[in-house]
Amino acid sequence: MALRVYNTLSARKEEFVPLTPGEVKMYVCGVTVYDHSHIGHARANVVFDVIYRYLRTRYAVTYVRNYTDIDDKIINRANKEGVTYDVISERYIRAFDEDMERLGLVKPTIEPKATEHIGEIIAIVQRLIDKGFAYPAGGDVYFCVEKFDSYLKLSKRNLDEMQAGARIEVDERKRHPMDFALWKEAKPGEPFWDSPWGKGRPGWHIECSAMSMKYLGESFDIHGGGKDLIFPHHENEIAQSEAANGKPFVKYWLHNGFVNINAEKMSKSLGNFFTIKEVLEKYDPEVLRFFLLSAHYRSPLDFSDQNLAEAGAGLERIYSALAAIARFDGEMAGDDVPAGTEAERELHEKLGGFMGRFEQAMDDDFNTAQSLGIVFELIRAVNRVLTEDGGESVAARAMFAAVRKAVAGVGEVLGVFTSEPGAYLERIKGRKVAGMEMSAAEIEQLIEERAAARAAKNFARSDEIRDYLLSRSILLLDGPQGTTWKVK
RNA sequence: GGCGGCGUAGCCAAGUGGUAAGGCAGAGCUCUGCAAAAGCUCCAUUCAGCGGUUCAAAUCCGCUCGCCGCCUCCA
């Protein structure tokens, strides 16, 4: 089945056909590095990480994700701290890289920095001036939006209406209020690069045009970012790039939805944001990732403790099942092992359609929420075989091996289920225990005491211990191999 | 004011013309000394509301209500 993606430019789902068969060139706007990244950044980056991972299974993908390492906010922060701009940008590039690594993102093919492409930026600005799309004004250079006919085709607005609602301070040197800066003259004390228009630095949007053009060419397949970048950032990128090159810039524009807090957008200006660092102190990175993929990437996603806890419960259910089948070291035996019981037949059926259904979900505009539902269905079938038949049969063992392989395959695309199941469960347990007043050793000791009481049929004492532990959120699980415990 | 999106069970969330996935929570049963976990069964005659198109609509169209986003830096 063919991959279909929602293209912001056409405002609908389209079949994905790369410009060059077999190859995909993809650019995603990274972060402006002036502070720690928050959950909204986590979502955008995880979403495009999954898109990249999925595309990789079918195409030779070149994935570029930039760092915008020169900008007003970086300069402001540097001034506040009394350091140079690059101290700030380097610090937060490291912080971003750390966050992304913890969230299990694969590295893009290329991670260029704006400041390393000043020459390319100047060349484009010059070309735009030569072609009459831009004009110098003082030490600034502006892009002339009226010269670019299809301006606002991505955000689907029109210039006149924009003016009516605009609250921007109009610079006298601009010919049209919506003209935007390609190059900004350096004020005293600001970092600068030499240019034909004097000392200055790039405007906000031009760096993405320069870097995408350099690494992916004048026309490429996919450009991504958060919904809030549609205007003005991506709109202006289109204007600059298409005016300079005289050809279509990007074929498919993909935009992810916001992370909300109480149904409101998480943002710096509202002050209602959580940094990735803070959240990872409380939740396992894989739980956060699982949560971010539990909704379709274009939908808004409400961030709350309850929702994170639910994601954690779901992920734990999957890992528990994987841990339960880990002890069966069955071999892959193909489809020819006859399934005996009804539960085995059900598992066989779920297993047979699994990868196809997963791909179908992902082919429909990267529907990760649906794909997780498919995983849960498989897991239930596994658990059923486990409880009803014990999972000892040759057929069951063979299917368990296939389940492990299938889940690993899905995990490779989604970037979850990548831990060894037992290790994951221990990790989660350890995280919960760390926040409690009881140590694991104390718990183990009480469990031993309870085992002795049970052996002596002293159920009153046995239950007393269990209730006591339960009051401390410790749940006991009696199994054939003895008693284990987990934190509620 | 302009443009855009969303509203599916107690909660989260798929489904965009063919008769409501999945998860969390909850109830009953099996298992168990009793529990827990797991499994099984149940849990939306209905998709914000009202009209319309259609053999058929949560899905298409119109209107109403509610929420949100962009138009200023933002993932």
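What you see is a predicted model; the values in this text were computed from it and never measured.
Between the side chain of A:Arg454 and the base of B:G33, a donor-acceptor pair under 3.5 Å is found. Side-chain atoms of A:Arg466 and base atoms of B:C34 include a donor and an acceptor less than 3.5 Å apart. A donor and an acceptor atom sit less than 3.5 Å apart, one in the side chain of A:Glu310 and one in the base of B:G23. A donor N or O paired with an acceptor N or O is not found under 3.5 Å between the base of B:A75 and the side-chain atoms of A:Arg43. For A:Asp228 and B:G69, a side-chain-to-base donor-acceptor distance below 3.5 Å is absent, hydrogens and geometry of angles not being considered. At a cut-off of 3.5 angstrom, the base of B:C24 holds no donor-acceptor pair with the side chain of A:Arg317. The base of B:G33 lies close enough to the side chain of A:Ser462 for a donor and an acceptor atom to sit less than 3.5 Å apart.
Across all strands shown, A:Gly224 has no heavy atoms under 4.0 Å from either base or sugar-phosphate atoms. Within the nucleic acid shown, A:Val47 has no heavy atom closer than 4.0 Å to any nucleic acid atom. A:Gly225 comes within contact range of the sugar-phosphate backbone alone, with a heavy-atom separation under 4.0 Å but no base atom that close. Residue A:Asp478 is classed as a base contact, given a heavy-atom separation below 4.0 Å to a base. Residue A:Asp463 is in base contact, counting any heavy-atom pair closer than 4.0 Å across all strands shown. Using a 4.0 Å heavy-atom distance criterion, A:Phe48 is classed as making no nucleic acid contact. Residue A:His38 is classed as a base contact, given a heavy-atom separation below 4.0 Å to a base. Among the atoms of the strands shown, only primed sugar atoms or phosphate atoms (P, OP1, OP2) are found under 4.0 Å from some heavy atom of A:Leu475. Counting non-hydrogen atoms under 4.0 angstrom, A:Ser267 reaches a base of the nucleic acid.
Spacing between atom CG of A:Asn76 and atom P of B:U72 amounts to 19 Å, rounded to whole angstrom units. Between the NE2 atom of A:His234 and the P atom of B:G4 there is a distance of 20 Å, rounded to whole Å. In this structure, CD1 of A:Ile318 is placed 14 Å from P of B:G22, rounded to the nearest angstrom. As a whole-Å value, the separation of A:Tyr319 OH from B:G23 C1' is 17 Å. For A:Asn260 and B:C12, the CG to C1' distance is 14 Å, given to the nearest whole Å. The CD-C1' distance, from A:Glu349 to B:A21, rounds to 15 Å in whole Å. Rounded to a whole Å, the CD1 atom of A:Ile230 is 16 Å from the P atom of B:C3. Remark: P of B:G4 and CZ of A:Arg12 are 15 Å apart, rounded to the nearest angstrom.
Between A:Arg397 and A:Glu392 the shortest side-chain heavy-atom distance falls below 4.5 Å.
Spacing of P atoms, B:C65 relative to B:A75, comes out at 35 Å, to the nearest Å. Taking atom P on both nucleotides, B:A48 is separated from B:A57 by 15 Å, rounded to a whole Å. Nucleotides B:A37 and B:C31 are separated by 10 Å at their C1' atoms, to the nearest Å. If you take atom P in B:C40 and the same atom in B:A25, they sit 16 Å apart, rounded to whole Å. Rounded to whole Å, the separation between the C1' atoms of B:C34 and B:C11 comes to 32 Å. B:A38 sits 34 Å from B:A58 when the C1' atoms are compared, rounded to a whole Å. B:G4 and B:C60 have their P atoms separated by 16 Å, given to the nearest Å.
Among the nucleotides B:A21, B:G39, B:C12, the one closest to the side chain of A:Asn307 is B:C12. For A:Ala369, the side-chain atoms get nearest to B:A13 when compared with the rest of B:A13, B:A36, B:C40. With B:G69, B:G23, B:C40 as the candidates, the nucleotide lying closest to the side chain of A:Lys265 is B:G69. Side-chain atoms of A:Arg157 lie closest to B:C70 of the nucleotides B:A75, B:A21, B:C70. The side chain of A:Glu264 sits closest to B:G69 out of B:G69, B:C34, B:A21. Taking every side-chain heavy atom of A:Glu388 into account, B:G39 is the closest of B:A75, B:C71, B:G39. Residue A:Arg380 places its side chain closer to B:G39 than to any other of B:G15, B:G39, B:A21. Looking at the side chain of A:Val31, the nearest of the listed nucleotides B:A75, B:G39, B:C34 is B:A75. Of the candidates B:A36, B:C34, B:A75, the closest approach to any side-chain atom of A:Arg450 belongs to B:C34. Residue A:Asn256 places its side chain closer to B:A75 than to any other of B:A75, B:A21, B:A38.
Regarding contacts with the backbone of B:A14, a side-chain N or O of A:Ser299 is found under 4.0 angstrom from either OP1 or OP2.
Summarising the base pairing, B:U59 is matched to no nucleotide, lacking a Watson-Crick or G-U wobble pair whose two defining distances lie under 3.5 Å. Pairing partner, B:A27: B:U41, with both Watson-Crick or wobble hydrogen-bond distances short of 3.5 Å. Pair assignment for B:A21 gives none, since no Watson-Crick or G-U wobble pairing has each distance under 3.5 Å. If you check B:U46 for Watson-Crick or wobble pairing at under 3.5 angstrom, you find it has no partner at all. For B:U54, there is no paired nucleotide, since no Watson-Crick or G-U wobble pair has both relevant distances below 3.5 Å. Remark: B:U16 base-pairs with no nucleotide; criterion is Watson-Crick or G-U wobble with both hydrogen-bond distances under 3.5 Å. In a base pair of the Watson-Crick type (N1 to N3 plus N6-O4 or O6-N4) or a G-U wobble (N1-O2 and O6-N3), with each distance short of 3.5 Å, B:G69 is matched with B:C3.
A salt bridge is absent between A:Arg175 and A:Glu146: the closest approach of a Lys/Arg side-chain nitrogen to an acidic carboxylate oxygen does not fall below 4.0 angstrom. The pair A:Glu316-A:Lys486 meets the salt-bridge criterion, with a side-chain N (NZ, NE, NH1 or NH2) lying under 4.0 Å from an Asp/Glu carboxylate O. Contact check on A:Lys174 versus A:Asp140 returns no salt bridge, with no Lys/Arg side-chain nitrogen under 4.0 Å from an Asp/Glu carboxylate oxygen. Using a 4.0 Å cut-off between charged side-chain N and carboxylate O, A:Arg102 and A:Asp99 make no salt bridge. Salt-bridge formation is not detected for the pair A:Lys184/A:Asp71: no Lys NZ or Arg NE/NH1/NH2 atom is positioned less than 4.0 Å from an Asp or Glu carboxylate oxygen.
Each of A:Lys429, A:Lys432, A:Arg427 was evaluated against A:Asp284; a single residue qualifies, A:Arg427, per the salt bridge (Lys or Arg N to Asp or Glu O under 4.0 Å) test. Of the candidates A:Met100, A:Glu98, A:His38, A:Met100 is the only one forming a side-chain contact (heavy atoms from CB on, under 4.5 Å) with A:Ile276.
With centres under 5.5 Å and a plane angle under 30°, the ring of A:Phe459 is stacked against the base of B:G33.
Between the side chains of A:Asp363 and A:Tyr54, at least one donor N or O lies within less than 3.5 Å of an accepting N or O.
Summary of the strand contacts: A:Leu229 and A:Ala263 both lie near RNA chain B, and taking for each the nucleotide with the nearest heavy atom, the more 5' one is attributed to A:Ala263. Along RNA chain B, the nucleotide nearest to A:Leu476 and the one nearest to A:Leu386 differ in position, and the one closer to the 5' end is contacted by A:Leu476.
Annotation: A:Lys187, atom NZ; neighbour count of heavy atoms from other residues, nucleotides and ligands within 6.0 Å does not exceed 12.
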